[in-house]
Amino acid sequence: MADRVQVFDTTLRDGEQSPGVRLSMSQKLEIGRMLEDLGVNVIEAGFPISSPGDFESVNTLSKELRNVTVCGLTRAVAKDIECAADALKPAARPRIHTGLGVSNSHLDHKLKMTKEQALEKGVAAVKLARSFVDDVEYFMEDSGRGYLDHPEYLYQVVEAVIGAGATVINMPDTTGYMFPTEYRDFFANVIANVPNSDKATFSCHCHNDLGMATANTLGGVIGGARQVEVTVNGIGERAGNTSLEEVVMALHIRDDLFQVETSIKTEKLLAASRMVANLTGMIVQRNKAVVGANAYAHSSGIHQDGVLKERTTYEIIAPELVGAEKSEIILTARSGRHGLRHRLHELGFNFPEPRFEELYDRFLTLADTKSEVMDDDLRELVEAN
Ligand code: KIV
Ligand code: ZN
């Protein structure tokens with residue numbers, strides 16, 4: 001049987017940290033219900049100590065969602081952990097997500113601590129969290145750069161926090177600095193060098209500052225990660241987080257390479273994307289992988305001819321697999337005869353030569369004046385022909 005990769009969705013926490021996004025409680029619940037239905041394994045519903053709204057989000061989703069793990073974020077600080085435990089009390093499957101920085105940058109400038117002090121604080125945080133819940137995830141903030149600074153220190157931290165009871169180890173590339181093969185090796189090396197690594201699940205959490213969040217996450221899976229932290233449409237701080245739909249579909253389509261499964265119902269991905277775009281106001285770019293408006297649209301004559309003869313010539317994802325209706329043939333000045341004939345046929349028109357040739361010439365003249373020739377334009381052309 002293929003290995004399982006757990007999908008940890010942080011749309012409501014890291015995603016909601018996108019500049020300009022603010023969701024109401026009812027919108028968060030709507031997204032939470034949709035995520036549960038989509039099949040995600042863990043929903044990070046907020047950072048309870050940070051605001052009453054975040055506390056309410058974690059608390060309400062804990063009450064309402066019974067078939068998914070609900071997670072609350074904390075710093076490695078007692079009052080944060082107690083607050084998260086309180087918010088998570090009604091949850092069927094509660095998880096506390098705690099941790100602190102491990103890179104030189106975070107230790108020296110943000111935490112102003114020695115490595116030993118930070119390690120001690122992390123261990124204490126895990127022990128406290130474990131006194132409330134059985135499922136504790138530990139994040140080593142900025143661990144991508146931290147690994148490049150001092151891998152041995154990260155091995156020590158991981159061993160110590162697993163020893164203290166952490167069940168999941170999150171190794172975030174907080175600043176989006178890593179390269180896929182580096183991130184892969186990071187996971188492989190931690191797993192190989194930490195004696196108790198078999199007692200925890202390892203998790204990828206990537207940011208998209210260099211456009212590599214999805215590639216890095218997939219690198220992490222190859223390196224041994226069995227949880228991916230993602231957001232719908234890749235929304236999140238700065239350039240965003242790893243996009244849920246991209247990772248899920250890459251694992252699915254390249255099953256030959258990854259040989260892992262997720263529990264995501266892929267046919268619900270497009271609806272999930274549209275809901276999050278509508279509620280957050282974060283518009284999805286047309287050419288976005290998997291869920292963009294152009295992802296299954298073909299506009300050049302050569303591509304249209306290929307797809308009409310055999311869809312897989314230019315499409316590696318069947319549109320129905322993500323809940324899209326069908327591949328689209330967009331008529332533009334680059335379209336050929338095959339595309340035009342196909343669309344006319346769909347509209348109920350079948351013209352013999354030479355009438356079709358005449359129509360095609362007039363179609364090209366019109367197409368040069370606009371970005372897309374619509375069905376109504378075609379009907380007018382036909383009537384005037
Ligand atoms: O990017 C990051 O490091 C985070 C942690 C708080 C998990 O979001
Ligand atoms: Zn993050």
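Keep in mind it's a predicted model, so treat the numbers as computed, not measured. Just so you know, ligand 1 is whichever comes first in the structure, and atom 1 is the first atom listed for that ligand. The basis for the numbers below is simple: all heavy atoms, side chains too, and nothing from hydrogens, waters or symmetry mates.
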_Metal-centred angle, NE2 of His207 through the Zn ion (ligand 2) to OD2 of Asp14, rounded to 10 degrees_ = 100°
*Could you tell me whether Thr10 approaches ligand 1 through its side chain, its backbone, both or neither, with non-hydrogen atoms closer than 4.0 Å?*
neither
*Approximate separation, where rounding is to 0.5 Å, of Asn216 CG and Leu210 CG*: 9.0 Å
_Derivation and outcome, side-chain contact (heavy atoms from CB on, under 4.5 Å), residues Met275 and Val232_ = CA-CA 9 Å; Met275 177 193 282; Val232 175; over 6 Å; no
*How far is atom 3 (O) of ligand 1 from its nearest protein heavy atom, and which residue and atom is that?*
Thr174 OG1, 2.6 Å
_Closest protein heavy atom (residue, atom, distance) for atom 4 (C) of ligand 1_ = His205 NE2, 3.5 Å
_Lys/Arg-Asp/Glu bridge criterion (N-O < 4.0 Å) met for Asp173, Arg145_ = no
*How does Glu229 reach ligand 1, by side chain, by backbone, by both or by neither, if only non-hydrogen atoms under 4.0 Å count?*
neither
_Arg226 charged N/C atom sitting above Phe202 aromatic ring, 6.0 Å / 45°_ = no
*Would you mind running through ligand 1 and noting each atom that sits below 4.0 Å from a heavy atom of Pro172?*
2 (C), 3 (O)
*Nitrogen or oxygen of Asp14 less than 3.5 angstrom from that of ligand 1*: yes
*Geometric N/O contact His207 with ligand 1, under 3.5 angstrom*: yes
_From Asn241, Thr231, Leu244, residue fulfilling side-chain contact (heavy atoms from CB on, under 4.5 Å) relative to Thr11_ = Thr231
*asked:* Please tell me whether Tyr177 and Asp142 have a donor and an acceptor in their side chains that are separated by less than 3.5 angstrom.
replied: no
*Which ligand 1 atoms are under 4.0 Å away from a heavy-atom of Glu141?*
3 (O)
_If you measure every N or O of Arg13 against every N or O of ligand 1, does any of those distances drop under 3.5 Å?_
yes
*Identify the protein heavy atom lying closest to atom 7 (C) of ligand 1, giving its residue, its atom name and the separation to 0.1 Å.*
Asn170 ND2, 3.6 Å
_Between His97 and Asn170, do the side chains contain a donor N or O and an acceptor N or O under 3.5 Å apart?_
yes
*Strictly under 4.0 Å, does any heavy atom of Glu237 approach an atom of ligand 1?*
no
*Decide, yes or no, whether a salt bridge links Lys326 with Glu320 under the criterion of side-chain N to carboxylate O below 4.0 Å.*
no
